[in-house]
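What follows is one structure encoded as C-alpha cells, with my remarks underneath.
Every number for a ligand or one of its atoms is a count from 1 in the order of the listing.
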Amino acid sequence: MDEILINGGTPLNGEVTVSGAKNAALPVIAATLLVGDRFEFHNVPALKDILSIQDLLADMGADVEFHDNTFSIDTANLSHFEAPYEHVRKMRASILVLGPLLARMKRARVSLPGGCAIGARPIDQHLNGLARLGADIVLEHGYVEASAEKLTGAEIYFDLPTVTGTENLMMAAVLAEGQTVLRNVAREPEILALAEILNQMGADIAGAGSSVITINGVKALKPVTAAIIPDRIETGTFMVAAALTGGEIQIHKAAHSHLKELILKLEKTGAEIDCANQTIRVKGNAPVNSVDVKTMPYPGFPTDMQAQFMVLMAVAKGFSVISENVFENRFIHVSELRRLGADITISGSHAMVRGVPELSGAPVMATDLRASACLVLAGMVAKGTTRISRIYHLDRGYDALEKKFSRLGADIKRIPAQT
Ligand code: UD1
C-alpha cells in the first residue's frame, strides 16, 4: 500500500483547480437508478468512492463508463437490486441506492452500514422516512430488506438533519403518489444540487437548500446530462493550506458561497481572502490567530473541515477550542497530530488546542478521509520529514491531492509502502 512522504516547511504558492464534489456526485449517480436509460455526468472527480459506486451499480447490471471525469451510465437492464456488504463496508454512501431502487423496482436489499471510525452513524432516519412513505422494512442477517407495492406521499419530520437521509428520501418520494413534505432536513449545497438534477429529470421538488422540502410525485422521469458542482471541502483544504504555510493560492472553480463560515473563521485567523466569480484567493499571514470553531450542519462550520482547521490552530498563537457537534468520535486524528508535536487535549466533544511554535515531522497513520487530509497539511508545515501510511483513506475522497500540492510547491510524493 502506498504512503505519502512530505518534507515540510515550504510556503505554497500558485494556482489550483478544484475537482467536482464527491458528495454531490454520489447521490446523483444513485439517482440514475430511478430511470432505465443512459445518463452522462461531467466534472466527476476521479477518486475511490466514485469507483466504488461504479462497481456497485455495474454489479446490479448497469452499463458504466468513467473516463476523463465523464461518467456515463445506462441503467436500463438492472438484474438485481442489492447493495451487498462487500460494497457498503467500503463506502457507507452505498446506502444512497435504497431510496431510488425502492421507488423504481419496488424492492431493495442493502447491507446495514454499521458504525465507522468517526461514530455509530445509524440510518434510522432513512428507514423511518421510507416506512412513512409506505415501505415495508425488515432488518435481517445484517441487511435492510425494503419493499413497497406503491409509495405514497407523506409528511416526514427528521429527528435531526441528515445529508444522505434527506437525499434518500427525496429520491424515494419523487415517484411516490401524491405530495411528500420533508421537515427538518439537511440544507447542504449537495442536496440542492441533487434536487436541481432531479427536477431536470422531470421531478417536482421545491425548497431544497432550506429545512423544508416539498415533493409532488410524478409518474416517470427522464435521463439527463449534467455537471457536478465543485467540491467545497477540497476547496477548504486548499484555503487552510495557504493560511497554514503562509503562502498565496488562487483556487479556481471554487464556490465561495458554499464556504461562508470557513471564510469568516479563516479571516479571523489573519488570512486575507478575496472571492471573485469562481476564484478564491487566500494569502496566509503570520502570526496565525487562535479562533474557536463549532461544527454544525450546513450552513454551520463543516465537520468535514474540522480536522484540517485543527492543524492551523495547532500552530496558531494562543489557545482555541474546537467543538465537534455532528459526529461523536471525530477526534481520532488528534493522537497523530500529537505525534507531530501538537498540544491538544480532548474533553468530550471539545478539543483544547494550545498553539506551538512548530510541528516536527514523524511517521503517522491516516485513520479516516478528512483525518488523512489533516495529516497531509500538518506534514507540509512540520519541520523535517513526515511519512503518512494508510493513505487509501485519502484516495477515497481526494482527486490527486498530492499532485495538486506538489504543483503548488510542496515537497510531497507518493511512495510504495516500506515494510
Ligand atoms: C454526509 C457526508 C459526510 C459528512 C456528513 C456530515 C456524504 C456522502 N457524506 O454523511 O461527508 O461528514 O454528511 O456533514 O454526503 N444520523 C442519525 N440517524 C440517521 C442518519 C444520521 O442519527 O438515520 C446522525 C449521524 O450519526 C450523525 C448526524 O446524524 O451524527 C449527521 O449525519 P449525516 O448527515 O447523515 O451524515 P452522512 O449523510 O452519512
Based purely on interatomic distance, does Arg370 place a nitrogen or oxygen under 3.5 Å from a nitrogen or oxygen of ligand 1? no
Less than 3.5 Å between some nitrogen or oxygen of Glu167 and one of ligand 1, yes or no? no
Check Gln306 against ligand 1 and report side chain, backbone, both or neither, counting heavy atoms closer than 4.0 Å. neither
Using a 3.5 Å cut-off on N or O atoms only, is Lys22 in polar contact with ligand 1? no
Both conditions, 6.0 Å and 45 degrees, for the charged tip of Arg187 above the ring of Tyr298: are they met here? no
Can you list everything that forms a salt bridge (charged side-chain N to carboxylate O under 4.0 Å, His left out) with Arg183? Sequence neighbours excluded, please. Glu155
Do any N/O atoms on Ala93 end up under 3.5 angstrom from N/O atoms on ligand 1? no
Report yes if Asn23 has an N/O atom closer than 3.5 Å to an N/O atom of ligand 1; otherwise report no. yes
Quick one: look at Leu160 and ligand 1, take heavy-atom pairs under 4.0 Å, and tell me if it's side chain, backbone, both or neither. side chain
Check Thr303 against ligand 1 and report side chain, backbone, both or neither, counting heavy atoms closer than 4.0 Å. side chain
Would you mind finding which of Thr166, Asp304, Asn329 brings a heavy atom closest to atom 4 (C) of ligand 1? Asp304
Classify the angle between the aromatic ring planes of Phe66 and Phe71 as parallel (below 30°), tilted (30 to 60°) or perpendicular (above 60°). tilted
His126 heavy atoms, cut-off 4.0 Å: which ligand 1 atoms fall inside? 23 (O)
Is it true that the side chains of His252 and Thr17 contain a donor and an acceptor less than 3.5 Å apart? no
Without hydrogens or angle criteria, can the side chains of Ser19 and Tyr398 be said to hold a donor-acceptor pair below 3.5 Å? no
What do you reckon, are the aromatic ring centroids of Phe301 and Phe309 less than 6.0 Å apart? yes
Close approach, Arg92 and ligand 1, non-hydrogen under 4.0 angstrom: no
So, do Met313 and Asp292 sit near enough that their side-chain heavy atoms are less than 4.5 Å apart? no
Is the shortest distance from a heavy atom of Met91 to ligand 1 less than 4.0 Å? no
Check whether Lys222 reaches the backbone of Gln200 with its side chain - one donor and one acceptor, N or O, closer than 3.5 Å. yes
Candidates Ala24, Pro122, Ala25; heavy atom nearest atom 19 (C) of ligand 1 found on Pro122
Report the member of Val163, Ile95, Ile53 with the shortest heavy-atom distance to atom 13 (O) of ligand 1. Val163
Determine, for Arg38 against Asp63, whether the closest basic-nitrogen to carboxylate-oxygen distance falls under 4.0 angstrom. yes
Region of Asp124 engaging ligand 1 - heavy atom pairs below 4.0 Å: both
